[in-house]
Structure formats: structure tokens, C-alpha cells
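The structure under discussion appears below in the form of C-alpha cells.
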Amino acid sequence: MVKTASMRLLDIINDILDFSKIEAGKLMLDFSPFSLREMLDEALKILAINSTAKGLELVYRVRDDVPDGLEGDSGRLRQVFVNLVGNAVKFTQRGEVAVSVEVAERRDDDSVELLFMVRDTGEGIAEDKKALIFESFSQADASMTRRFGGTG
């Protein structure tokens, strides 16, 4: 667990560096083969520490028709996945966080588009604040920063 947590800290540092690369238009994707289910298992082990401490149930389901052997940037996918699910755990006080993965589209060139869904039993986001949360360093409710930490 200590090794996993230290790797997560390294990921946070890399996230900050990646943000700089995105702003500069220099972010490159690293396409290589990976196991989707193995990547999800590893990411969820990190997130399970916080969810268990809060008494939350963290569950996930990958539909049977989702291929396991993929080619893509598994590091970036894990980064986005951990951020989304991590926020769900952070802002959910009781109940569960559920993740599901399904095929959105199969293409003729043997590529596949996947749909990742995160559902939680948290209090939710006010309708008039939903667009705001996709802006850098913004949160729907400033009091959340004091209560949960983070920068948006």
C-alpha cells in the first residue's frame, strides 16, 4: 500500500507537469498495449484506501463485451480515471461510488470506443454550476474547498 500511495504522489506531480504541457500544446500520447482490467484494478486499489476509510462501498463493473487487450495511453487513461473516481469518493459522504465500463461503439477498423461512467450517492452538483466545474481551478461551491480541500 505504501508503494502504491507513493506512486500516486508521483502521479500527482506528473499531473501538474502534464497541465503545463497541455497549456503549451506539447502533450504527446504514448500508445502501447495494455490490459484494461489490470489497469482498472490497480487504480481502484489506490482509491479503495480513501473509500474504505470513509465507509463507502467502491464497486465497478466491466461489461463482458469490453475487450481487455487494448492499445492506447494507459497512463493517461488511468490519470483521468483516478481523478474522476477520486473526486466521487472525495465528495461522497455515505453510500457508494460505482464505476462501469461498456462499449460505446465498435468500428470497422477493429478499434473500439469505450464509455466510462461514474455514479455516486453524493449530494450532486447544482444544475447552474455544472458548466463551471470543467473550468480550470474552479469549483461549484467555494465552501467545498474548505471542507474537502483541493483547487478545482
Side-chain angles (χ1 to χ4, degrees), residues 1-125 130-131 133-140 148-152:
M1 288 297 192
V2 171
K3 181 180 176 186
T4 302
S6 65
M7 294 302 294
R8 179 65 185 125
L9 287 174
L10 182 59
D11 288 343
I12 291 169
I13 292 168
N14 286 331
D15 287 353
I16 294 166
L17 295 172
D18 287 346
F19 185 74
S20 298
K21 288 179 187 177
I22 291 168
E23 290 291 308
K26 302 287 185 188
L27 182 69
M28 302 295 292
L29 297 177
D30 178 26
F31 286 87
S32 58
F34 70 97
S35 164
L36 176 67
R37 287 166 178 82
E38 185 177 304
M39 185 276 299
L40 292 173
D41 281 342
E42 289 172 8
L44 287 168
K45 282 179 188 172
I46 295 167
L47 297 163
I49 295 168
N50 288 342
S51 64
T52 301
K54 292 179 76 174
L56 296 175
E57 186 174 5
L58 179 61
V59 297
Y60 80 102
R61 177 176 181 241
V62 179
R63 292 192 48 143
D64 291 339
D65 63 335
V66 173
D68 185 54
L70 299 176
E71 185 168 328
D73 193 330
S74 64
R76 299 282 181 244
L77 179 57
R78 181 175 36 86
Q79 182 179 31
V80 171
F81 181 79
V82 167
N83 286 337
L84 288 173
V85 179
N87 277 339
V89 169
K90 180 178 184 178
F91 293 107
T92 301
Q93 297 307 303
R94 61 184 175 286
E96 72 174 11
V97 174
V99 177
S100 61
V101 184
E102 61 185 55
V103 174
E105 181 182 348
R106 287 191 183 276
R107 300 191 181 107
D108 292 336
D109 64 355
D110 286 335
S111 66
V112 64
E113 181 179 321
L114 300 178
L115 177 62
F116 291 78
M117 293 173 281
V118 180
R119 181 186 51 78
D120 63 62
T121 54
E123 62 189 63
I125 300 168
K130 287 186 179 178
I133 65 170
F134 292 102
E135 294 179 23
S136 298
F137 306 109
S138 297
Q139 291 186 339
F148 298 106
T151 56

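Residue indices begin at 1 and follow the sequence shown.
Here the side chains of Leu40 and Phe116 are in contact, with some heavy-atom distance below 4.5 Å. Counting heavy atoms from C-beta on, the side chains of Thr52 and Leu58 never come closer than 4.5 Å. You'll find the side chain of Leu44 reaches within 4.5 Å of the side chain of Tyr60, heavy atoms only. Side-chain contact between Asn83 and Val80 is absent, with no heavy atoms from C-beta onward closer than 4.5 Å.
Rounding to the nearest 0.5 Å places CG of Leu115 at 5.0 Å from CD of Glu102. Considering CD of Gln93 and CG of Asp120, their distance stands at 10.5 Å, rounded to 0.5 Å. The CD atom of Glu57 sits 9.5 Å away from atom OG of Ser51, with the distance rounded to the nearest 0.5 Å. Here OG of Ser111 is found 10.0 Å from CZ of Arg106. Values are rounded to the nearest 0.5 Å.
The two residues Ala43 and Arg78 have their closest heavy-atom pair at CB-CG, 4.0 Å. Among all heavy-atom pairs drawn from Val89 and Leu56, the shortest one is O-CD1, 3.8 Å. A pairwise comparison of heavy atoms in Phe34 and Gly72 identifies CE2-N, 3.7 Å as the closest pair. Of all non-hydrogen atoms in Val118 and Ala88, the two that sit nearest each other are CG1-CB, 3.8 Å. Contact record, Leu47 with Gly86: CD2-CA, 3.6 Å, taken as the closest heavy-atom pair.
Atom CG of Asp110 has 12 or fewer neighbouring heavy atoms from other residues, nucleotides or ligands inside a 6.0 Å radius.
Judged as a side chain to side chain contact (heavy atoms under 4.5 Å, CB included), and not counting sequence neighbours, the contacts of Asp73 are Leu29, Asp30, Arg76. Take Asp108 and apply the side chain to side chain contact (heavy atoms under 4.5 Å, CB included) test, not counting sequence neighbours, and it matches no residue. Applying the side chain to side chain contact (heavy atoms under 4.5 Å, CB included) test to Asp68 and every residue at least two apart in sequence or in another chain returns Ser35, Leu36, Arg37. Applying the side chain to side chain donor-acceptor pair (under 3.5 Å) rule to Asn50 yields no partners; only residues at least two apart in sequence or on another chain are considered. Arg61 meets the side chain to side chain contact (heavy atoms under 4.5 Å, CB included) test with Arg63; sequence neighbours excluded. Every residue meeting the side chain to side chain donor-acceptor pair (under 3.5 Å) condition with Glu113, not counting sequence neighbours, appears here in chain and number order: Arg107.
The main-chain N or O of Lys90 is found under 3.5 Å from a side-chain atom of Lys54 such that the two form a donor-acceptor pair.
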